[in-house]
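The chains referred to below are lettered A, B, ... by the order of the sequence lines, with proteins before strands, and numbering in each begins at 1.
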Number of protein chains: 2
Amino acid sequence: MNNNFRCNCPITSALDIVGDKWTLVIIKQMLLEGKKTFKDFSESDEAIASNILSSRLKMLEQFKIITKEKLTHNKKTNIYLLTEKGLGLTPTIIELTLWSDLNIREHHSSIISDSRIEMVKKNKEESIKMIVEFYKQKTDYNKT
Amino acid sequence: MNNNFRCNCPITSALDIVGDKWTLVIIKQMLLEGKKTFKDFSESDEAIASNILSSRLKMLEQFKIITKEKLTHNKKTNIYLLTEKGLGLTPTIIELTLWSDLNIREHHSSIISDSRIEMVKKNKEESIKMIVEFYKQKTDYNKT
DNA sequence: TATTTTTGCTTGTAAAACAAAAGTAATAAA
DNA sequence: TTTATTACTTTTGTTTTACAAGCAAAAATA
């Protein structure tokens, strides 16, 4: 299991898993945009190719960052959900968002500001909890 | 300046800059390992190829995440330092470290735990300030 | 049964990463 | 003052990965 890691640094090892062009984008789409099916991801603004999406979802499932389930009355559509491990990336994603909001606009003027950013700026810890709780509630609801 | 960004999402746009295999590794090496010259980075455990290193440093300089300076009495060695914008990534790096510390060990048993992790767990905000202040002090010292 | 939707694979092409080596300029050593 | 070393930077050829477009199987729907 120790293969494919560049070295023994925890940060570098985390980046060996989520440090690529697409992985955190997919996790963001699940966490903040409510996406959960292959089609949801395929139709996103980011326009990920289906083969890349397929391989990333497989990898994330192997690392237990997401699960792949099916609805009881639909045997075709796969439902991809963040695990606790995946939800543990919420603070990282929130910090990246805050950094981007402050620092990227000068290079990318048409960037959109999520309404939740103001909430996060006011009370970071509470907002993170709320985002995670909201995700869990929503996915419970959708499963039944 | 709006080119090369996949879409208007702040998170995706941040990842268009730092979302690759090497960029956050280089920033980590500067922030937490005191690396500041081309040679420092070249000799790291992660073993980045020199041409990739060169292109990433150039990109980071263009985005004003790092600066490239020279010491007064050495016209050869370039000193790469994090700007305020670059130091703004400290919370992201810290959150990634905490996530890794909790979640990656099961896939990578020989991962090393930085002694600063315990400090960060106890008081996150204060630790981040300390890490940034320490970086600034150290680099001021090295410049004179 | 025929059609559509969803998922994800295949194929050919383009881009990026990579290792190794060569190039360049500053500095140090003989 | 030649020679060697150091610190980067670029080049070269190879491998890997990304990508778009199209294809196909399974299941749902008409």
Next item on the list: With sequence neighbours excluded, tell me which residues meet salt bridge (charged side-chain N to carboxylate O under 4.0 Å, His left out) with B:Asp114.
Entry: B:Arg116
Margin query: My understanding is that only residues two or more places apart in sequence, or in another chain, count here; which of them pass salt bridge (charged side-chain N to carboxylate O under 4.0 Å, His left out) with B:Asp20?
Written below: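 Salt bridge (charged side-chain N to carboxylate O under 4.0 Å, His left out) list for B:Asp20, sorted by chain: B:Arg56.
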Note to self: Looking at A:Lys58, I'd like to know whether one of its side-chain N or O atoms comes within less than 4.0 Å of OP1 or OP2 on C:dT7.
What the structure shows: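 Checking C:dT7 against A:Lys58, no side-chain N or O comes under 4.0 Å of OP1 or OP2.
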Quick one: label [X] by what it contacts on the DNA or RNA (base, sugar-phosphate, nothing), any heavy atom closer than 4.0 Å.
X       : answer
A:Tyr80 : sugar-phosphate
B:Ser42 : nothing
A:Lys68 : sugar-phosphate

Item checked: Test side chain to side chain donor-acceptor pair (under 3.5 Å) applied to A:Thr92 - qualifying residues, sequence neighbours left out -> none
Checklist line | side chain to side chain donor-acceptor pair (under 3.5 Å) partners of A:Lys39, counting only residues at least two apart | finding: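 Testing A:Lys39 for side chain to side chain donor-acceptor pair (under 3.5 Å), a comparison that skips the adjacent residues, returns A:Glu43.
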Report, one pair per line, the protein and nucleotides 25-30 of chain C atoms (nitrogen or oxygen only) whose separation is under 3.5 Å.
residue: C:dT27; atom: OP1; partner: B:Lys75; partner atom: N; Å: 2.6

Note to self: Give the residues of residues 20-29 of chain B touching DNA chain C, defined as any heavy atom closer than 4.0 Å, sorted by residue number.
What the structure shows: B:Lys21, B:Trp22
Checklist line | For DNA chain C, the residues among residues 46-55 of chain B that have a non-hydrogen atom under 4.0 Å from it | finding: B:Ala49, B:Ser50, B:Asn51, B:Ile52
Rounded to whole Å, how long is the line connecting atom [atom1] of [X] with atom [atom2] of [N]?
X       : N      : atom1 : atom2 : result
A:Lys35 : C:dT6  : NZ    : C1'   : 16 Å
A:Arg6  : C:dA17 : CZ    : C1'   : 12 Å
A:Glu61 : C:dG8  : CD    : C1'   : 14 Å

Please enumerate all residues that pass side chain to side chain contact (heavy atoms under 4.5 Å, CB included) together with [X], with sequence neighbours excluded.
X       : value
B:Lys76 : B:Asn74
B:Thr90 : B:Leu31, B:Leu87, B:Ile94, B:Ile128, B:Ile131, B:Val132
B:Glu61 : B:Ile66, B:Lys68

Check: Is there side-chain contact between B:His107 and A:Ser13, with at least one heavy-atom pair below 4.5 Å?
Finding: no
Check: Do A:Leu98 and A:Leu102 come within less than 4.5 Å of each other through their side chains, counting heavy atoms only?
Finding: no
Note to self: Assess whether a salt bridge exists between A:Glu84 and A:Lys64, defined as any Lys/Arg side-chain N lying under 4.0 Å from an Asp/Glu carboxylate O.
What the structure shows: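 Judged by the 4.0 Å cut-off on N to carboxylate O distance, A:Glu84 and A:Lys64 do not form a salt bridge.
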Next item on the list: Answer yes when A:Lys21 and B:Asp16 have at least one side-chain N-carboxylate O distance shorter than 4.0 Å, and no when they do not.
Entry: no
Notebook entry, point to check: When rounded to the nearest 0.5 angstrom, what is the spacing between CG in A:Leu81 and OG1 in A:Thr139?
Noted result: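 Reported to 0.5 Å precision, the distance equals 5.5 Å.
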Next item on the list: Give me the first and last nucleotide of DNA chain D, going 5' to 3', that has any atom under 4.0 Å from a heavy atom of chain A.
Entry: D:dA18 to D:dA28
Check: Which residue pairs satisfy the side chain to side chain donor-acceptor pair (under 3.5 Å) criterion with at least one member in residues 124-133 of chain B, sequence neighbours excluded?
Finding: B:Glu95-B:Lys124
